[in-house]
Amino acid sequence: MKILAINGSPRTVHSNTRRLTSFVLEGAAEAGAETEIIDLCDFRITPCTACEACSINGVCVNEDDVPGILARMREADGIVFASPVYIDNITGQMKVFFDRLADAIHYQVLTGKYGCAVVTTYDSGAEEVVAYLSHVLNYLGVIAVGSIGIATQGEAGTIDAKEPEARVLGKKLAGAIRDGFSDPVQEKILAENRGYFRTIVEENKEMRPAGYEEWVRKGWMD
Ligand SMILES: Cc1cc2nc3c(=O)[nH]c(=O)nc-3n(C[C@H](O)[C@H](O)[C@H](O)COP(=O)(O)O)c2cc1C
């Protein structure tokens, strides 16, 4: 069982969000998961220019690190999206990365995985950013098992005080991967999303027969 955490903070080892995420991963590891955390700032991620080349064959014109990160996401059973709050939103690094996932969203290539959201902030926006990260997980076909969002108020020790809660979240994620996890509300959202993206997959049928056949095989064209 593999869990990949993706941290949008540029502060690498100093990142509050990375520290909180590491507690989530420790909880998951205790429950038997093999875990990994990556910092987006260590990778070359070119912003999407809406050239629409990926619609034609699923391949971006930019030769950078995004395909490699996506391959790691595809290999993982669980995905943790982690970001600090920047101006009441995710960081720019995280958003530039998410924009590059549009084709993965359209083709729903991560369906069947579980995930969770991890957020830190000084004061504002944790709830909104948790909701957004969970929404993007759902967009990708991933069911979110929970989340943790912390406002530090600049107090030392706030992150460490939440270690037990973060570990519980990691255990829950590993448990969902091992035993399954049902959430009718999210399952309905995922089904609606597939209905919506089906139009795109159908429109691209001639250009991308393999992608279309995959949807047929999964019963998503019925
Ligand atoms: C550019 C920037 C924007 C920020 N915007 C907000 C904000 O809107 N609200 C807030 O409460 N904290 C804000 N913060 C504070 C961070 O969210 C907070 O320090 C967070 O824990 C940093 O996480 P990190 O150490 O993982 O990078 C901002 C920090 C930076 C550098």
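Atoms within each ligand, like the ligands themselves, are counted from 1 in listed order. Numbering starts at 1 and runs along the sequence shown.
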Can you pull out every side-chain hydrogen bond (donor to acceptor under 3.5 Å, both in side chains) where at least one residue sits in residues 45-63? Sequence neighbours excluded, please.
Thr46-Asp64

Tell me the residues surrounding ligand 1, counting only those with a heavy atom closer than 4.0 angstrom, sorted by chain and number.
Ser9, Arg11, Ser15, Asn16, Thr17, Pro84, Val85, Tyr86, Ile87, Asp88, Thr120, Thr121, Tyr122, Asp123, Ser124

Can you tell which of Thr91, Thr121, Val85 makes a side chain to side chain contact (heavy atoms under 4.5 Å, CB included) with Val129?
Val85

Contact check, side chains of Thr111 and Arg194, non-hydrogen atoms, under 4.5 Å
yes

How about Asn204 and Tyr212: do any of their side-chain heavy atoms sit closer than 4.5 Å?
no

Residues in ring pair (Phe, Tyr, Trp, His ring centres under 6.0 Å) with Phe98, at least two apart?
Phe81

Distance-only check: which donor-acceptor pairs under 3.5 Å involve side-chain atoms of residues 24-33, not counting sequence neighbours?
unit_1: Glu26; atom_1: OE1; unit_2: Arg167; atom_2: NH2; d: 2.5
unit_1: Glu30; atom_1: OE1; unit_2: Lys171; atom_2: NZ; d: 2.8
unit_1: Glu30; atom_1: OE2; unit_2: Arg167; atom_2: NH1; d: 2.6

